[in-house]
Amino acid sequence: MTTLSIGSTAALSLRADVLVIGSVKGEDGAVLAAGSESIAAAFDGRLTDTLSALDATGAEGELHRVPTFGAAKAPLVLVIGLGEQPADGFTHETLRRAGGTVARALAGVKKAGVALPLTGAEAVGAFGEGVLLGAYSFETYREKSREGRKDAVKDVVLLGIKGRDKAAKAAVERAAITAQSVNQARDLVNIPPNDLTPKDFAAIAVDTGKNAGFKVEVLDEKALAKGGFGGILGVGQGSVNKPRLVRLGYTHPKAKRTIALVGKGITYDSGGISLKPAGSNETMKMDMGGAAAVLGAVAAAARLGLEVNVTGWLALAENMPSGTATRPGDVLRMYGGRTVEVLNTDAEGRLVLADAITRACEESPQMLIDVATLTGAMMVALGNDMYGIMANDDTFRDAVYDAATRVGEQAWPMPLPTDMRKQMDSPIADLKNMGNSRMGGGLIAGIFLQEFVADGVSWAHLDIAGPAFHEGEAGGYRPKGGTGVAVRSLLQVAQDVADNRI
Ligand code: BES
Ligand code: MN
Ligand code: ZN
């Protein structure tokens, strides 16, 4: 595990394996960024010459390693490109990405000192968050293939930051708490579905609650049957791994408002009787990414002691085909009494969410956000890097978008056209679980969920099907596999509510 700290030692005398400095784009090639002055002086101009000989440009993400040959205690300098030098300082996202790229480049290193232009506590926090997120990789299942793989960098010391700056220290602490939650969400997504059943997930939630200081209640299949949770039970009934509904409760004595977070937790989505074809099911262990994000956000809110009540709901089930599975054509009696005709058992996320949303609304939160890897259609619309935000309240939707943007999670507002509701009229039940065509499938799913939101609750729905799982190579602070997307957005929304910004 990587630890991050603030150090007061001068860069040149720091006993470290690597010193990290920045470069920016100049007229003809890379120019050293602020923070590197003492190191540049010790090199007596040869550092810039070396970068020029290496054809360094200072482009964002560019990396160069230069030996110090005794100019500093550390034997090596790592130069990270930061791109154009903005007049008003680097954006937090530039620093976050630089942190991630640096962390990966430092794999195998014990101790690194960082002398970058980190001005202000927020910049320190952003870079630090990037380091701790970029250092992540999922190694749990490597045995023989672990050989030769480098451990994550152990100690990263941020230099040149006012030693007793309380705000900077708090930002580092906050970055550590945030990254811990995001990395746990990534682990949960990456754990294969044979080792993460609904019961396993619920047990991890119980542990997390003990460690972070929030209440956890688990409804097992018997309690779900007693309570009439027909949506969650209907989706889970084809699997030997029985479903769960988990309630997470974090409260602050001075909190004035409550926000409920509801996560889709399909530990594996085979499609059920409407089976997905080969090629579409290999990554469906990711289908609990929404629930993982909710657990992470509640844990971070609790660890940070935010002045807001946060309730989390994890709707956990495994969607499998079998003799006991829900059939296309079955009608489910949902929690709260509505009936839903299931025409496609692969549209299962909305069924488990509907029960959880109804249940969450019984506690009358002011706000409710659900998070789900809900539709392939949202991926078609927005691609793999961005999630869609739908809401019953434009102001709230914009606030969620704003929070997401500030933390560097890409998202975009999508509409909920009321006209589309009639596509889900059922000839025999209150509602069917899909529309008439694939067109606008992401919006249809959102409109379905809206049916279950109580009046007076500001609700937003995040469809994270695209960005929840990254099939490409790691880049910046985003790893391969589970990304932990939405943890930071949800946490920022909770913070904004605590700060009365929302
Ligand atoms: N879990 C999937 C959505 C998904 C697809 C997430 C790809 C991540 C990557 C969801 O349960 C699903 O199967 N949705 C269907 C709905 C359809 C049957 C109405 C879809 O999008 O095809
Ligand atoms: Mn599905
Ligand atoms: Zn699904």
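Ligands are counted one by one from 1 in listed order, and the atoms in each one are counted from 1 as well. Please read these numbers as outputs of a predicted model, since none were measured by experiment. Note that these values count all heavy atoms, side chains included, but never hydrogens, waters or copies made by symmetry.
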Visitor: Test of understanding: given a 4.0 Å heavy-atom threshold, classify the contact between Asp346 and ligand 1 as side chain, backbone, both, or neither.
Guide: both

Visitor: Give the numbers and elements of all ligand 1 atoms closer than 4.0 Å to a heavy atom of Ala465.
Guide: 6 (C), 8 (C)

Visitor: Can we say Asp346 and Lys276 salt-bridge, meaning some charged N sits less than 4.0 Å from an Asp/Glu carboxylate O?
Guide: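 Counted as a salt bridge, because a side-chain N and a carboxylate O are separated by less than 4.0 Å.
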
Visitor: Return the closest protein heavy atom for atom 17 (C) of ligand 1 as residue, atom name and distance.
Guide: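 The answer is Ala347 CB, 4.3 Å.
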
Visitor: Students should be able to answer this: which protein heavy-atom is nearest to atom 2 (C) of ligand 1, and at what distance?
Guide: Asp269 OD2, 3.6 Å

Visitor: Heavy-atom contact under 4.0 Å between Arg438 and ligand 1?
Guide: no

Visitor: What angle, to the nearest 10°, do the atoms OE1 (Glu348) and OD1 (Asp346) form about the Mn ion (ligand 2)?
Guide: 120°

Visitor: Under 4.5 Å between any side-chain heavy atoms of Lys264 and Thr373, yes or no?
Guide: yes

Visitor: Counting only heavy atoms from other residues, nucleotides and ligands, does the tally under 6.0 Å from NZ of Lys480 exceed 12?
Guide: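 For Lys480, atom NZ is crowded (more than 12 foreign heavy atoms under 6.0 Å).
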
Visitor: Does the pair Asp425/Lys422 count as a salt bridge with the N-to-O cut at 4.0 Å?
Guide: no

Visitor: Taking NZ, NE, NH1 and NH2 as the nitrogens, is one of them in Glu139 or Arg149 under 4.0 Å from a carboxylate oxygen of the other?
Guide: yes

Visitor: Got an N/O contact under 3.5 Å between Asn344 and ligand 1?
Guide: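 No, since none of the N or O atoms of Asn344 sits under 3.5 Å from an N or O of ligand 1.
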
Visitor: Using a 4.0 Å cut-off to any heavy atom of Thr373, which atoms of ligand 1 qualify?
Guide: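 So the answer, numbered in order with elements, is 1 (N), 2 (C), 3 (C), 6 (C).
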
Visitor: Do any of the N/O/S atoms of Asp287, backbone or side chain, fall under 2.8 Å from the Mn ion (ligand 2)?
Guide: no

Visitor: So, regarding Gly376 and ligand 1 (criterion: nitrogen or oxygen to nitrogen or oxygen, under 3.5 Å), is there a contact or not?
Guide: yes

Visitor: Which atoms of ligand 1 have any heavy atom of Lys276 under 4.0 Å away?
Guide: 2 (C), 12 (C), 13 (O)

Visitor: Hey, is the main chain of Thr267 close enough, under 3.5 Å, to the side chain of Glu318 for a donor-acceptor pair?
Guide: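 The answer is no, because no donor-acceptor pair under 3.5 Å joins these two groups.
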
Visitor: Does any N or O in the side chain of Asn190 come within less than 3.5 Å of the main-chain N or O of Gly482, such that one atom is a donor and the other an acceptor?
Guide: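 Such a contact is found between Asn190 side chain and Gly482 backbone.
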
Visitor: Would you mind listing which atoms of ligand 1 come within a distance below 4.0 Å of any non-hydrogen atom of Glu348?
Guide: 11 (O)

Visitor: Ion pair present between Glu473 and Arg104, side-chain N to carboxylate O less than 4.0 angstrom?
Guide: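 Salt bridge absent between Glu473 and Arg104.
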
Visitor: Does this structure show an ion pair linking Arg244 with Glu221, if we count only N-O contacts that are shorter than 4.0 Å?
Guide: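 Salt bridge present between Arg244 and Glu221.
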
Visitor: Using the Zn ion (ligand 3) as the vertex, how large is the angle between OD2 of Asp287 and OD2 of Asp269, rounded to 10 degrees?
Guide: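 Value returned, to the nearest 10°, is 90°.
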
Visitor: Quick check on the Zn ion (ligand 3): does Lys264 put an N/O/S atom closer than 2.8 Å to it?
Guide: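 Coordinating: yes.
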
Visitor: State the atoms of ligand 1, each with its element, that fall below the 4.0 Å cut-off from a heavy-atom position in Arg350.
Guide: 16 (C), 19 (C)

Visitor: By atom name, which N, O or S atom of Asp269 is the nearest to the Mn ion (ligand 2)?
Guide: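 Relative to the Mn ion (ligand 2), the closest nitrogen, oxygen or sulfur of Asp269 carries the name OD2.
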
Visitor: Show which atoms of ligand 1 fall inside a sub-4.0 Å distance from at least one heavy-atom site of Met284.
Guide: 1 (N), 4 (C), 5 (C), 6 (C), 7 (C), 8 (C), 9 (C)

Visitor: Angle class for the Phe138/Tyr141 ring planes (parallel below 30°, perpendicular above 60°, tilted otherwise)?
Guide: tilted

Visitor: Taking distance alone, with N or O pairs closer than 3.5 Å, would you say Thr375 contacts ligand 1?
Guide: no

Visitor: Taking all atoms of both residues into account, what is the closest heavy-atom pair of Val457 and Cys361, and its distance?
Guide: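 Looking at all heavy atoms of both residues, the closest pair is CG2-SG, 4.2 Å.
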
Visitor: Describe, in one word, how the ring planes of Tyr335 and Phe229 are oriented to each other, choosing from parallel (under 30°), tilted (30 to 60°) and perpendicular (over 60°).
Guide: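 Tyr335 and Phe229: parallel rings.
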
Visitor: Please state which part of Thr283 comes within less than 4.0 Å of ligand 1, counting heavy atoms only: side chain, backbone, both or neither.
Guide: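 Within the 4.0 Å criterion, Thr283 makes no contact with ligand 1.
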
Visitor: What residue and heavy atom of the protein are closest to atom 10 (C) of ligand 1, and at what distance?
Guide: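 Going atom by atom, the protein heavy atom closest to atom 10 (C) of ligand 1 ends up being Leu374 O, 3.2 Å.
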
Visitor: Counting backbone and side-chain atoms alike, is an N, O or S atom of Glu348 positioned under 2.8 Å from the Zn ion (ligand 3)?
Guide: yes

Visitor: Does the ring of Phe452 carry Arg338 above it, NZ/CZ under 6.0 angstrom from centre and within 45° of its axis?
Guide: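 Yes, cation above the ring, under 6.0 Å and within 45°.
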
Visitor: Under 4.0 Å from any heavy atom of Lys264, which atoms of ligand 1 are there?
Guide: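 Contacts of ligand 1 toward Lys264, numbered from 1: 1 (N), 10 (C), 11 (O).
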
